[in-house]
Amino acid sequence: VQLQASGGGLVTAGGSLKLSCTASGRLASSYALGWFRQPAGKEREFVAAISWGGVSTNYADSVRGRFTVSRDNAKSAVYLQMNGLKPEDTAVYYCAADPDGVYYGSNWSRGARYIEVWGQGTQVTVSS
C-alpha cells in the first residue's frame, strides 16, 4: 500500500478533526502530497496539497482559512487539520500523491483525473 489514510469520523459542526496519511517509498521522498474529497453523489474535488519540501501549499477556496495541510518527511506523513467544520465538509477524504508542484494550474488544481497516486478514502461526517 503506497498511501494509507486515517482519522476520519463523526463530528458536530464547528468541531475539528485531523486526518493523517502515511506514504511509502518514492512518494514520501519526492512527491507532493495532498487531499481530495468526494461528497456523496458528487465528483471528487481538490482540498489541499503541499509540496515535497513543505514550502508551498495550495487550498481550495472552500477550505482556506479553516484547513491546514502539513507534512513530516521524517515520518513519511501528510496531515490535514480541519477546524470549523461545516456540514458541507461531509465527504470521503482521499490522500493523494503527484510529482507535479502545487502551484495554480498544476495537476492538483486541474482535477482528480490528473493525479497519479491515490490512497483509500476515510469518511468525514459533520452533523449540524
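Note that these values count all heavy atoms, side chains included, but never hydrogens, waters or copies made by symmetry.
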So E45 and Q38, side chain to side chain contact (heavy atoms under 4.5 Å, CB included) or not? Walk me through it. CA-CA 6 Å; E45 61 184 20; Q38 188 165 16; over 6 Å; no
With no hydrogens and no angle check, is any side-chain donor or acceptor of S109 less than 3.5 Å from a backbone partner on Y104?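 No, the answer is negative, given that no donor and acceptor are paired below the 3.5 Å cut-off.
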Using 0.5 Å steps for rounding, measure from the [atom1] atom of [X] to the [atom2] atom of [Y].
| X | Y | atom1 | atom2 | value |
| --- | --- | --- | --- | --- |
| I50 | R71 | CD1 | CZ | 6.5 Å |
| S6 | Y93 | OG | OH | 15.0 Å |
| L17 | L80 | CG | CG | 9.5 Å |
| L27 | T22 | CG | OG1 | 10.5 Å |

Strictly by disulfide bond (SG atoms under 2.5 Å apart), give each pair with a member in residues 85-128 just once, sequence neighbours left out.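 Only C21-C95 qualify under disulfide bond (SG atoms under 2.5 Å apart).
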Can you tell me which residue pairs pass the disulfide bond (SG atoms under 2.5 Å apart) test with a partner in residues 97-128, sequence neighbours excluded?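 For residues 97-128, and leaving out neighbouring residues, there are no disulfide bond (SG atoms under 2.5 Å apart) pairs at all.
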Please collect all salt bridge (Lys or Arg N to Asp or Glu O under 4.0 Å) contacts where either partner lies in [range], sequence neighbours excluded, each pair once.
| range | result |
| --- | --- |
| residues 119-128 | none |
| residues 21-36 | R26-E116 |
| residues 9-19 | none |

In chain order, what residues pass the side chain to side chain donor-acceptor pair (under 3.5 Å) check against Y103, with sequence neighbours excluded?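 Y103 satisfies side chain to side chain donor-acceptor pair (under 3.5 Å) with D100 only.
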Name all residues meeting the side chain to side chain donor-acceptor pair (under 3.5 Å) criterion together with T125; count only those two or more places apart in sequence or in a different chain, and write none if there are none.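 T125 satisfies side chain to side chain donor-acceptor pair (under 3.5 Å) with Q123 only.
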Among Ile, Leu, Val, Met, Phe, Trp and Tyr joined by side-chain contacts under 4.5 Å, find the other residues sharing a cluster with V92 and list them by chain and number.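 Result for V92 is F36, F46, Y94, V102, W108, I115, W118.
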Would you list the pairs meeting ring pair (Phe, Tyr, Trp, His ring centres under 6.0 Å) in which at least one residue belongs to residues 2-26, sequence neighbours left out?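 Checked against ring pair (Phe, Tyr, Trp, His ring centres under 6.0 Å) - neighbours excluded - no pair reaches residues 2-26.
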With side chain to side chain donor-acceptor pair (under 3.5 Å) as the rule and sequence neighbours excluded, what pairs involving residues 46-60 come up?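 Counting only pairs at least two positions apart or across chains, no side chain to side chain donor-acceptor pair (under 3.5 Å) contact touches residues 46-60.
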Tell me, please, which residues at least two apart from R110 pass salt bridge (charged side-chain N to carboxylate O under 4.0 Å, His left out).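 R110: no salt bridge (charged side-chain N to carboxylate O under 4.0 Å, His left out) contacts found.
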Should V69 and Y79 count as side-chain neighbours, where that means a heavy-atom distance under 4.5 Å?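 A side-chain contact is absent here, since even the closest heavy-atom pair is not under 4.5 Å.
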With heavy-atom distances below 4.5 Å as the criterion, would you say the side chains of V117 and D98 are in contact?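 They are not in side-chain contact.
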List, one per line, each side-chain donor-acceptor pair under 3.5 Å for residues 82-90, sequence neighbours excluded.
residue: N83; atom: OD1; partner: S16; partner atom: OG; Å: 2.9
residue: N83; atom: OD1; partner: Q81; partner atom: NE2; Å: 2.9
residue: D89; atom: OD1; partner: R37; partner atom: NH1; Å: 2.9
residue: D89; atom: OD1; partner: R66; partner atom: NH2; Å: 3.0
residue: D89; atom: OD2; partner: R66; partner atom: NH1; Å: 2.7
residue: D89; atom: OD2; partner: R66; partner atom: NH2; Å: 3.4
residue: D89; atom: OD2; partner: K86; partner atom: N; Å: 2.8
residue: T90; atom: OG1; partner: P87; partner atom: O; Å: 2.9
residue: T90; atom: OG1; partner: V126; partner atom: N; Å: 2.9
residue: T90; atom: OG1; partner: V126; partner atom: O; Å: 3.4

Could you report the tightest heavy-atom contact between A97 and L3, atom names first, then the distance?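 A97 and L3 have their closest heavy atoms at N-CD1, 3.8 Å.
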